[in-house]
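Both ligands and their constituent atoms are indexed starting at 1 by order of listing. Just so you know, residue 1 is the first one in the sequence shown, and it goes up from there.
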Amino acid sequence: MSVLDCAGKPLDLSSPQVMGVLNVTPDSFSDGGEFTRVERAVEHAIVMAEQGAAIIDIGGESTRPGAQPVSVADELDRVLPVIDALRRRLTIPLSIDTSKPEVMTAAVSAGAGFINDVNALRADGALQAAQSTGVPVCLMHMQGAPDSMQESPRYTDVVAEVVEFLAGRIQTCVRAGFECAQLVVDPGFGFGKSLGHNLALMRHLDTMNSLQVPVLIGVSRKSMIGALLDVEPKDRLAGGLVLAALAVSRGARLVRTHDVGPTVDALKIVTAVEAA
Ligand code: 8Y7
């Protein structure tokens, strides 16, 4: 379970690691045009690798609540030049953050070694496309769709329902030809969840270890921190670090974050304490 083969690049999860977020969307890199956007994204990824990220997650479609959908062509125009530039400049694996089968296939051909799908391969053709690439996949839980998921999230037992959903997706993937050693799961903090649901998932995150595949979490700058502290995204670092530490102490192996340097430090501390 501990070393994933990301198209030839190893991702060693025997200790917890950081996944750096690289958004290549017009809203995150305004002005300056195409070249500037690619250049800035590449530079940012290199900084995150220097800060200790074990993998970089490249996304060309915003999955924030209420976000607008993006066409396959636009998503590819955003991510492919960045993947192409980074595959030669970084030794760590690159992850493609997408739910679209066409983007999965093209991104892995261009050099991505991991697929991060917030839709857990439920889109038409995604299961087959991802399986054909041969790279590991993160299956994330989401209730509803991004445009409406935060309107009225409902569960009887959020922890049991998320685990049950992910167990079902693992089973579907294995039947489609995946090996368990290629799969990672994620409870999907903020994706069709109230603050109470997010807190229950964090409190009982160790329950996810029963799935016997590595657990990834993403909490950095999310609204659950805003709701607890009443602070803007730029002031959510401390909250995100505490949640990352709590998650890792409950067994999470990969932490997806915008704040790579501080998160690497936090995970080193937790790892040292857990090893004592
Ligand atoms: C997550 C994610 C986002 C997450 C995984 C944001 C793409 C929203 N969040 N992928 N993506 N897990 N696996 O605030 O929690 O970064 S986008």
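The N/O atoms of Arg256, backbone and side chain alike, include one that comes under 3.5 Å of an N/O atom in ligand 1. Looking at Phe189 next to ligand 1, no N or O pair under 3.5 Å apart turns up.
Put simply, the side chain of Gln212 does not reach to within 4.5 Å of the side chain of Cys180, judged on heavy atoms. Side chains of Val270 and Glu274 form a contact here, defined as non-hydrogen atoms less than 4.5 Å apart.
For atom 17 (S) of ligand 1, the closest non-hydrogen atom on the protein side is Thr63 OG1, 3.4 Å. Closest to atom 5 (C) of ligand 1, if we only count protein heavy atoms, is Asp186 OD2, 3.1 Å.
Atoms of ligand 1 lying under 4.0 Å from any heavy atom of Asn116, numbered from 1 in the order shown and given with element: 5 (C), 7 (C), 10 (N), 13 (N). With ligand atoms numbered from 1 in the order given, ligand 1 contributes 4 (C), 5 (C), 12 (N) to contacts under 4.0 Å with heavy atoms of Met140. Within ligand 1, the atoms closer than 4.0 Å to a non-hydrogen atom of Asp97 are 7 (C), numbered from 1 in the order shown.
Salt-bridge check for Asp259 with Arg236: failed, with every basic side-chain N at 4.0 Å or more from each acidic carboxylate O.
In summary, the side chains of Ser14 and Asp12 do present a donor paired with an acceptor at a separation below 3.5 Å, with no hydrogens or angles considered.
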Residue pair Gln17, Ser15: steps toward the side-chain hydrogen bond (donor to acceptor under 3.5 Å, both in side chains) verdict:
CA-CA 6 Å; Gln17 300 295 332; Ser15 62; 3.2 Å; yes

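The heavy atom nearest to atom 9 (N) of ligand 1, considering only Arg221, His258, Met19, Lys222, is found in Lys222.
To the nearest 0.5 Å, atoms CE (Met104) and CG (Asn116) are separated by 9.5 Å.
Within the 4.0 Å heavy-atom criterion, the part of Leu216 lying near ligand 1 is the side chain and not the backbone. Of all the heavy atoms of Val118, the ones lying under 4.0 Å from any atom of ligand 1 belong exclusively to the side chain.
Cluster membership check: Val215 does not share its hydrophobic cluster with Met140, using side-chain heavy-atom separations under 4.5 Å among Ile, Leu, Val, Met, Phe, Trp and Tyr.
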